*Asks:* 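The structure that follows is given in the form of structure tokens.
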Amino acid sequence: MKLFIPGPTQVAPEILAEMAKPAIGHRTAECARLWRESRDGLQKLMHTKNEVMILTAPASAFMEAAIRNTVKEKSLHLICGAFSKRWFDIAKSTGVDAIAVEKKTGQGFSADDLRSALNECGTVDAVTVVHNETSTGVTNPVQDYAEVLKDFPDTLLLVDTVSSMSGMPVYVDKWGIDVCLFGVQKCMALPAGVAIASASPRALERAATIEYRGWFLDFLRLAKSNEKEQSPTTPSTAHLYALTAQLKRIFSEGIEARWKRHYEMAAYVRNWAKSHGYEMFPDAGYCSDTVSCIARGTGPDFVPVLDALKEEGVLVSNGYGDLKGKTFRIGHLGEHTLDDMRQLTEQFDSILEPVLN
Ligand SMILES: Cc1ncc(COP(=O)(O)O)c(C=O)c1O
């Protein structure tokens, strides 16, 4: 099956081969080398000098960790889709006073929206935002938030970059991101199973003031273990081999070249959609470069096309939740190329041909 869903995505054969290497002890020099190389590479990828932590877990683990380690009493959550809503639900489940500010699906949060929300809800320990809302194809302008947060010095900025990291520009330090988290099954093009997060000195200081942070998700335990280039628990060494190899692959392509490739695929897909009478679901200026969420508009019914594509071994996503049947999503991320997009849309068009003619 060829995956054009918004993750998981295709993994290069040589990266899969890395995962077949024999198991190694997790307290060996070889594992320490993998840990060190991964963390060094991740700092470079994320444009940060902050502490970088790795868990063999899904990205949601770090969504929960971010709350447990930085929110003492109250958190604010910018919700514009399923994953930003999940972060709010996670916060509520930990017992903190979680406040939601919600936008209609398809809309994002401007810096002014963030300022109004912060002004309205009083002092909060942290604000959460999903950079790239995979469920709606909306990218939030996180690059503009640091300026606003200068006026709220006790509020930490927690950002989910699960479906943007390595596919779109993210500058953790320049953008003032205190906790930046992601998984590896999207633009990183690895099999799911590794979660990554950076924590700023401020985030680590905050963690130190919170007594019950739990054990597995404790930032300070993870940071201390990093000093020995080790995981506190037994990591998947297969994933560490794949991660170090994939980071090398990404740097040999070049981070900016990778962003550009994603941008070009998105531009191509948007033009193709428009030429069929489809519309981009996100508001203008909020469209993602990694996931195109396409609304029916005046275009032909796409549901039978998605079914036919599946029969042909190609998976494109229907809309998420309530958006099923109203939108569909093409993931153009990870190792995909413009040629893959051309082939996909040609295949889509050939199924549509009898309808269009
Ligand atoms: C934006 C975003 N955040 C969080 C998640 C959750 O990731 P995981 O399933 O690895 O926990 C996803 C998964 O698709 C996502 O797209």
Side-chain angles (χ1 to χ4, degrees), residues 3-11 42 46 53-68 77-94 100 102-103 105-109 127-142 157-168 170 177 179-198 216-217 235-236 239 242-243 246 262 266 281-282 286-293 315-321 323-324 327-334:
L3 301 178
F4 290 97
I5 55 176
T9 184
Q10 306 297 125
V11 181
L42 289 165
M46 298 168 79
M53 301 164 289
I54 305 169
L55 285 174
T56 37
S60 302
F62 267 127
M63 294 170 89
E64 181 163 335
I67 302 294
R68 291 197 181 278
H77 304 270
L78 308 185
I79 301 181
C80 60
F83 295 104
S84 36
K85 166 78 165 49
R86 179 183 296 186
W87 218 348
F88 169 63
D89 291 339
I90 287 173
K92 276 197 306 188
S93 78
T94 69
E102 215 156 332
K103 285 262 185 187
T105 49
Q107 297 181 338
F109 287 87
V127 56
T128 71
V129 61
V130 172
H131 182 217
N132 196 63
E133 189 34 275
T134 321
S135 61
T136 60
V138 162
T139 300
N140 283 300
V142 175
L157 177 60
L158 317 181
V159 182
D160 167 331
T161 58
V162 172
S163 57
S164 55
M165 184 58 73
S166 96
M168 281 160 53
V170 177
I177 303 176
V179 177
C180 178
L181 65 92
F182 61 102
V184 293
Q185 69 271 32
K186 305 209 187 260
C187 310
M188 297 292 290
L190 286 165
V194 173
I196 290 148
S198 63
F216 180 61
L217 300 176
S236 157
H239 274 93
L243 176 60
Q246 181 64 354
H262 283 77
F281 182 66
Y286 286 88
C287 284
S288 162
D289 285 352
T290 62
V291 180
S292 284
C293 183
L315 210 55
V316 171
S317 285
N318 205 324
Y320 195 102
L323 296 174
K324 213 174 185 152
T327 65
F328 65 102
R329 293 171 303 148
I330 298 179
H332 28 77
L333 44 79

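FYI, side chains are in, hydrogens and waters are out, and symmetry mates aren't considered; it's all heavy atoms of this structure. From a predicted model like this one, the values you see are computed outputs, not experimental measurements. As the structure lists them, so they are numbered: ligands from 1, and atoms in each ligand from 1. Counting begins at 1 with the first residue of the sequence.
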*Asks:* Could you tell me if any non-hydrogen atom of Gln185 lies under 4.0 Å from any atom of ligand 1?
*Replies:*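 Under 4.0 Å: yes for Gln185.
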*Asks:* State, to 0.1 Å, how close Thr134 and Arg329 come at their nearest heavy-atom pair, and which atoms those are.
*Replies:* O-NH1, 3.0 Å
*Asks:* To the closest 0.5 Å, what do you measure between OG1 (Thr128) and CD1 (Ile79)?
*Replies:*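 Here the rounded value is 7.5 Å.
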*Asks:* For atom 6 (C) of ligand 1, find the nearest protein heavy atom and state the residue, atom name and distance (0.1 Å precision).
*Replies:*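 Of the protein heavy atoms, Arg86 NH1, 3.5 Å lies nearest.
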*Asks:* Counting N and O atoms only, with roles assigned by atom type, does the side chain of Ser166 sit under 3.5 Å from a partner on the main chain of Cys187, one being a donor and the other an acceptor?
*Replies:* yes
*Asks:* What atoms in ligand 1 come closer than 4.0 Å to a heavy atom of Lys186?
*Replies:*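 Those atoms are 13 (C), 14 (O), 16 (O).
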*Asks:* Under a 4.0 angstrom heavy-atom cut-off, which atoms of ligand 1 come close to Asn132?
*Replies:* 1 (C)
*Asks:* Search all heavy atoms of Pro141 against all heavy atoms of Tyr286 and return the closest pair with its distance.
*Replies:* CD-CE2, 3.8 Å
*Asks:* In terms of residue, atom name and distance, what is the protein heavy atom nearest to atom 13 (C) of ligand 1?
*Replies:* Phe83 CE2, 3.4 Å
*Asks:* To the nearest 0.5 Å, what is the distance between CG (Asp160) and CG (Asn132)?
*Replies:* 9.0 Å
*Asks:* Find all atoms of ligand 1 within a distance of less than 4.0 Å from any non-hydrogen atom belonging to Val130, and give their numbers and elements.
*Replies:*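 That gives atoms 1 (C) of ligand 1.
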*Asks:* Any donor-acceptor pair under 3.5 Å linking the side chain of Asn140 with the backbone of Phe109?
*Replies:* yes
*Asks:* For Glu133 and ligand 1, answer yes if some heavy atom of the residue is under 4.0 Å from a ligand atom, otherwise no.
*Replies:*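 In this structure, Glu133 fails to qualify as a contact of ligand 1 - no heavy atom is under 4.0 Å.
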*Asks:* Grab the two heavy atoms, one from Ser164 and one from Val170, that are nearest each other, plus how far apart they are.
*Replies:*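 Of all heavy-atom pairs spanning Ser164 and Val170, the closest is OG-CG2, 4.0 Å.
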*Asks:* Are the side chain of Trp87 and the backbone N or O of Val129 linked by a donor-acceptor pair below 3.5 Å?
*Replies:*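 No.
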*Asks:* For atom 8 (P) of ligand 1, what is the nearest protein heavy atom, given as residue, atom name and distance?
*Replies:*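 Looking only at protein heavy atoms, the one closest to atom 8 (P) of ligand 1 is Ala59 N, 3.6 Å.
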*Asks:* Under 4.0 Å, counting heavy atoms only: does Ser60 come that close to any atom of ligand 1?
*Replies:* yes
*Asks:* For atom 4 (C) of ligand 1, which protein heavy atom lies nearest, and how many Å away is it?
*Replies:* Asp160 OD2, 3.3 Å
*Asks:* So which heavy atom in the protein is nearest atom 1 (C) of ligand 1, and how far is it from that ligand atom?
*Replies:*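 Of the protein heavy atoms, Thr134 OG1, 3.2 Å lies nearest.
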